[in-house]
Structure formats: C-alpha cells, structure tokens
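These numbers come from a predicted model, not from an experiment.
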Amino acid sequence: MALKAVHVSDVPYLDQVTENVTLSILSSRFSKGVNDEVSEDTKKRLEFPKFVVMGHRGSGMNRLQSSDQRMKSIKENSILSFNAASKFPIDFIEFDVQVTRDDCPVIFHDNFILTQHKGEFIEKRVTELSLAELLSYGPQKDPENVGKPLFRKTKDGRIFEWKVEKDAPLCTLQEVFDEIDRSIGFNIELKFDDHMVYTEEELIHVLEVILKVVYEHGEDRPVIFSSFQPDAALLIRKLQSIYPVFFLTNGGSQTYTDVRRGSLDEAINMCLAGGLQGIVSEVKAILKNPGAVKRIHESKLSLVTYGELNNVPEVVYVQRLMGIEGVIVDLVPVITEAVVNFENNVKKSEEVKTKYQFSKDELSLIHKLIPELIQI
C-alpha cells in the first residue's frame with residue numbers, strides 16, 4: 001500500500017465533512033448503547049453500554065527491563081499487536097499518535113527513537129524525522145531490507161535493545177485504520193512532549209493533520225481522542241464535535257507547572273470548561289480518592305483508568321463496583337477473561353445498587369485492597 005504524507009492544506013474544514021461521518025463513533029457493537037444526543041444535558045457524557053476493556057498499545061506495552069515475558073511478547077503499537085488484541089473480547093485499542101516532519105501521523109509512544117551505529121547510541125526526536133526515516137528503524141516490510149537496530153531508554157536512563165518475541169514494523173495511522181477489524185474502537189492518544197512548550201498554531205497544525213486521516217478512514221469505527229496535553233485536548237474538541245475527547249491525568253501523582261494537570265478536581269474543571277466528554281485517570285489516583293468517581297459522574301463525565309494495577313483482576317473488579325466505565329490494560333487475555341467471568345455473575349437487579357453502594361463482602365474487599373494497592 002502506497003503511503004503519502006498528509007499536508008495541512010489538504011485538511012477539510014468541518015463544513016466539508018459529510019454528515020454521515022457523525023456515525024464514526026458508533027459500530028454495531030455500540031450503536032444501541034452510546035449516547036450521541038446533542039442536548040446540553042447529554043452532549044458531554046459518552047454512555048458506554050457496558051464495562052469496556054481497552055488494550056494498551058494493542059496487546060500491551062513493552063517493558064524491556066521486566067522479568068515478565070508477557071511484557072515482551074509482541075511489539076507494542078504495531079499492526080501485529082493490534083490484531084492480536086482484537087482476537088479477545090476487547091472494545092477498544094489505545095495507541096499513541098505523533099506527526100512526522102513531513103506531516104504523516106504515525107504510531108509511536110516515545111518522544112525519541114534510539115538506534116546504535118558503530119557502538120554509539122544515536123537518539124532522534126520522532127517529530128523531526130520524515131516518514132521514510134522513521135520507518136527505516138526496526139523490522140522492515142520488505143524482507144530484503146535491513147532496518148536500523150532499535151533500542152529503548154527507560155525513565156531512569158538505562159538503555160535496552162528492543163527485543164520482543166514477536167517483532168513487527170512501525171506503522172502509520174492510516175494503516176491502522178485500514179488493517180484493523182472495524183468493530184474495534186480506537187482510543188487515539190495525541191502524544192506531545194511534556195518538556196516542550198507548544199504554540200496554538202503548532203498544536204492546531206498537528207491536530208488537523210491527524211483529523212484528516214480520521215475523517216477519511218474512520219468510517220463507522222468508534223473513535224475517542226485523549227491527551228495529557230491540556231491545550232491539545234481542548235483544541236481537538238474545538239476543531240471537531242464528532243468524536244468524544246477525554247483528558248488524560250495521573251491525578252496529581254506528579255507535579256506540573258500547569259495546574260490543570262495537578263489533580264482530579266482540576267481535570268474535572270478543565271473538562272467542564274472545555275466541553276470534553278470524560279477523564280482517563282491513573283488508577284492509583286482513583287483508589288486514593290474514590291469519592292472522585294461520584295464527582296466525575298455528577299459532572300456528566302465518563303471515567304476510564306490506566307496503570308499497572310489494571311493488570312490485576314481484583315483491581316478491575318473493584319473499579320467495576322465503583323462505577324468506573326472502563327480500563328486500559330496490558331495483559332489483555334487475563335483481564336478480558338476476568339471481566340467476562342465477573343460480568344456474567346452480575347445480576348441486572350444488582351447493577352443499580354453496586355454503582356456507589358456495596359454489599360458487606362464487597363466493602364470488605366475494597367477496604368482490604370485499596371490500602372495495599374496504593375502503596376505499590
């Protein structure tokens with residue numbers, strides 16, 4: 001499949017987008033349950049018809065320093081990983097999108113890409129590479145070509161060769177739309193560098209390039225946008241009203257100069273001010289502050305969580321009881337099986353009372369687990 005760079009001059013304005021694209025947030029799986037009303041009371045809330053499971057970077061992120069081989073099974077953020085995840089009963093896959101120097105949206109998490117040449121490590125910013133330069137790293141689609149060896153730097157500065165059991169080439173956003181089962185929703189994280197300051201013009205340019213691909217290839221696939229970058233989240237909401245936008249937050253576990261990233265309450269305030277539909281929070285922040293779940297829902301916002309603890313079935317079960325609407329997970333087979341099992345055990349007559357009210361046994365489980373989990 002030939003790929004070409006997308007330039008911002010080619011991006012359609014909203015009045016050029018056909019009306020039937022508004023169905024893009026729906027699929028046959030969600031068409032009866034997602035609330036797409038446009039009234040003031042309902043337009044901010046995305047009503048998931050069920051507890052949703054989202055595959056983190058597909059079948060899970062790669063933690064190369066981990067002794068757990070499951071974290072090094074399939075190359076993250078790859079077509080291979082997305083298709084592997086889609087074989088399980090997941091609802092969405094979550095992945096990271098950046099835009100290359102020649103304006104092509106690509107799937108890659110880290111701000112920098114790392115290789116080695118003659119014993120020296122060479123690090124380049126992803127957004128400063130052309131599409132061809134980026135795709136020259138790692139496995140190649142043409143077996144006759146040899147890609148540059150790929151390495152990864154951890155947060156503490158250690159460098160590991162990016163070796164996984166099942167490797168795969170890097171890919172573009174267009175390829176993901178074209179090659180993944182259309183019943184699988186996409187949670188598209190708009191990736192920006194926390195250590196950089198962006199002008200509004202720069203952000204709009206990147207977002208419009210991404211939107212062009214989504215408009216042209218989204219069809220009837222459910223799509224959610226999310227971002228840790230507050231201004232990017234607000235702008236993607238202003239640029240379009242078709243797809244729900246969620247604000248990503250760690251709930252205050254790190255200190256930022258931007259107060260909007262400082263707490264769950266600040267996240268709620270930002271979503272309400274900007275007309276966003278929901279919050280994706282680090283799960284520990286919710287477990288430390290369970291009362292936030294009710295505040296978020298009273299604000300007509302949806303809530304999904306991410307984090308390592310979401311790979312523990314008991315933690316996911318507790319969140320289901322708390323009224324959280326979905327989880328982003330790495331161990332897709334483990335968590336999807338667990339969710340299917342405990343969803344089968346939830347009687348419809350009990351669903352209303354379990355949203356914020358629990359039985360004695362459930363309260364006992366929550367009180368036992370939360371103090372232990374938030375210390376991890």
- Message: Give me each pair satisfying ring-ring contact (aromatic ring centres under 6.0 Å, His included) with a member in residues 166-201, each pair once, sequence neighbours excluded.
- Response: F95-F186, F177-F186, F192-Y198
Expected output: side-chain [X] to main-chain [Y] donor-acceptor under 3.5 Å:
X: N62; Y: I74; result: yes
X: Q229; Y: D231; result: yes
X: S299; Y: R295; result: yes
X: Q98; Y: T127; result: no
X: R237; Y: L276; result: no
X: D96; Y: N77; result: no

- Query: Given the rule in the side-chain contact (heavy atoms from CB on, under 4.5 Å) test, do K75 and K166 qualify, once you have shown the distances and angles that lead to the verdict?
  - Reply: CA-CA 6 Å; K75 182 69 155 290; K166 298 177 182 178; over 6 Å; no
Does the side chain of [X] reach to within under 4.5 Å of the side chain of [Y], using non-hydrogen atoms?
X: V318; Y: I324; value: no
X: F51; Y: V316; value: yes
X: V164; Y: W162; value: yes
X: K163; Y: K72; value: no
X: L190; Y: L207; value: yes
X: T100; Y: L129; value: no
X: L309; Y: L287; value: yes
X: T249; Y: Y256; value: no

- Message: L303 and side chain to side chain contact (heavy atoms under 4.5 Å, CB included): which single residue from V280, L264, V293 fits?
- Response: V293
- Item | Donor on one side chain, acceptor on other, S263 and D265, under 3.5 Å | no
- Item | Polar contact flag, side-chain donor to acceptor under 3.5 angstrom, N341-Y317 | no
Please set out all donor-acceptor pairs under 3.5 angstrom arising from side-chain atoms of residues 111-123, sequence neighbours excluded.
unit_1: T115; atom_1: OG1; unit_2: P149; atom_2: O; d: 2.5

Tell me every residue that passes salt bridge (Lys or Arg N to Asp or Glu O under 4.0 Å) with [X], counting only those two or more places apart in sequence or in another chain.
X: D156; value: R158
X: D181; value: none
X: E94; value: none
X: E202; value: none

- Query: Are more than 12 heavy atoms from other residues, nucleotides or ligands located less than 6.0 Å from atom CD of Q140?
  - Reply: yes
- Query: Does any pair with a residue in residues 104-115 pass salt bridge (charged side-chain N to carboxylate O under 4.0 Å, His left out), and if so which ones, sequence neighbours excluded?
  - Reply: D110-R152
- Message: Does the plane of the ring in F48 sit parallel, tilted or perpendicular to the ring in F92? Use 30° and 60° as the thresholds.
- Response: perpendicular
- Query: Could you walk me through whether R101 and E133 pass the salt bridge (Lys or Arg N to Asp or Glu O under 4.0 Å) check?
  - Reply: CA-CA 10 Å; R101 186 183 71 229; E133 289 170 334; 3.2 Å; yes
- Task: For a side-chain hydrogen bond (donor to acceptor under 3.5 Å, both in side chains) with E325, tell me which candidate from K50, R320, H297 qualifies.
- Result: H297
Taking side chain to side chain contact (heavy atoms under 4.5 Å, CB included) as the definition, give me every residue that meets it alongside [X], ordered by chain and number, with sequence neighbours left out.
X: R70; value: D68, L331, V334
X: V259; value: none
X: A338; value: P313

- The complete set of side-chain hydrogen bond (donor to acceptor under 3.5 Å, both in side chains) pairs with one or both residues in residues 326-338, sequence neighbours excluded, reads H56-D330, N311-D330
- Message: Go through it in stages, so that I can follow the logic: the residues are I107 and L170, the test is side-chain contact (heavy atoms from CB on, under 4.5 Å), and I'd like the CA-CA distance, side-chain angles, deciding distance and then a yes or no.
- Response: CA-CA 7 Å; I107 315 301; L170 303 180; over 6 Å; no
- Which residues pass the side-chain hydrogen bond (donor to acceptor under 3.5 Å, both in side chains) test with T305, sequence neighbours left out? N310, Q319
- Could you please spell out the steps behind the side-chain contact (heavy atoms from CB on, under 4.5 Å) verdict for L64 and F151? CA-CA 10 Å; L64 303 176; F151 292 78; over 6 Å; no
